[in-house]
Amino acid sequence: MMIRRRFIGSAALFGVAGIMGFAMRPKKKSLLHHVFFWLKNPQSEADRQQLITGLKTLAGIPTIRQIHVGVLASTEKREVVDTSWDVSELMFFDDEAGQKIYQDHPIHQDFIKNCSHLWEKVVVYDAIDV
């Protein structure tokens, strides 16, 4: 009976230590890569669709954990909301290394080669979890 109690006590202690060790490990800090595009011909639906189609090809890059391609929402107009852009993409990466792989990846390079003639301006915001 005493051996069993010692075993249960030891198992409980190791279990708590394992949980504490897991909880105390530094969490990976995800990187968010948000890009805004201003089209050369903002009235051209064909240009907008070509850019959107090109952006969606980027989902094939393995280090992208999630991608969202969007256009302006018809939300309330407020002074703090920038509505001057045409198309955006938001990507989530595990870390900065994953974002670097994306930058150099052939799919991304092909996207730039095939679609850069569509935009006149690009602004990028990169953020990391705190």
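Numbering of residues begins at 1 and proceeds along the displayed sequence.
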Which residues pass the ring pair (Phe, Tyr, Trp, His ring centres under 6.0 Å) test with W85, not counting sequence neighbours?
F36
Are V124 and M91 grouped together when hydrophobic residues (ILVMFWY) are joined by side-chain heavy atoms under 4.5 angstrom apart?
yes
L58 vs V69 side-chain heavy atoms within contact, under 4.5 Å:
no
Which residues pass the salt bridge (charged side-chain N to carboxylate O under 4.0 Å, His left out) test with D126, not counting sequence neighbours?
none
List the steps, then state whether side chain to side chain contact (heavy atoms under 4.5 Å, CB included) holds for R65 with D94.
CA-CA 7 Å; R65 297 296 167 232; D94 286 341; 2.9 Å; yes
Gap between atom CG of L118 and atom CG of N41 - 0.5 Å precision
8.5 Å
Find out whether Q99 and T63 are in side-chain contact, i.e. whether some heavy atom of one side chain is under 4.5 Å from a heavy atom of the other.
no
Where is the tightest heavy-atom contact between G54 and C115, given as atom of each residue plus distance?
CA-SG, 4.1 Å
Which value, rounded to the nearest 0.5 Å, describes the distance between T53 atom OG1 and Q50 atom CD?
8.0 Å
Do I61 and I67 land in one hydrophobic cluster if side-chain heavy atoms of ILVMFWY residues count as linked below 4.5 Å?
yes
One pair to check against side chain to side chain contact (heavy atoms under 4.5 Å, CB included): W119 and K40. What are the steps and the verdict?
CA-CA 5 Å; W119 63 75; K40 284 183 182 173; 5.8 Å; no
I need the D110 CG to T57 OG1 distance, nearest 0.5 Å.
8.0 Å
More than 12 heavy atoms of other residues, nucleotides or ligands under 6.0 Å from CD of E96: yes or no?
no
Identify whether I112 and I101 are in the same connected component of the hydrophobic contact network (ILVMFWY, side-chain heavy atoms under 4.5 Å).
no
Evaluate side chain to side chain contact (heavy atoms under 4.5 Å, CB included) for W38 paired with S84, printing each intermediate quantity in order.
CA-CA 8 Å; W38 285 258; S84 64; 3.1 Å; yes
Can you confirm whether more than 12 heavy atoms, excluding those of H34, are under 6.0 Å from its NE2 atom?
yes
Are the side chains of D95 and L31 in touch, meaning some heavy atoms are under 4.5 Å apart?
no
I need the full list of salt bridge (charged side-chain N to carboxylate O under 4.0 Å, His left out) pairs touching residues 82-92, with sequence neighbours left out, sorted by first then second residue.
none
Would V123 end up clustered with L51 when hydrophobic side chains under 4.5 Å apart are linked, directly or stepwise?
no
Measure the shortest side-chain to side-chain distance between T83 and K77 over non-hydrogen atoms and say whether it is less than 4.5 angstrom.
yes
At what distance, to the nearest 0.5 angstrom, does NZ of K29 lie from CG of D129?
8.0 Å
Does any part of the side chain of H105, heavy atoms only, come nearer than 4.5 Å to the side chain of P62, both counted from C-beta?
yes
Examine I107 and V87 and state if one hydrophobic cluster contains both, with Ile, Leu, Val, Met, Phe, Trp and Tyr joined whenever side-chain heavy atoms are less than 4.5 Å apart.
yes
Which class fits the ring pair Y102 and H108: parallel under 30°, tilted 30 to 60°, perpendicular over 60°?
tilted
What is the distance from atom CZ of F93 to atom CD1 of I64, rounded to the nearest 0.5 Å?
4.5 Å
Distance (rounded to the nearest 0.5 Å) between L39 CG and E120 CD:
8.5 Å
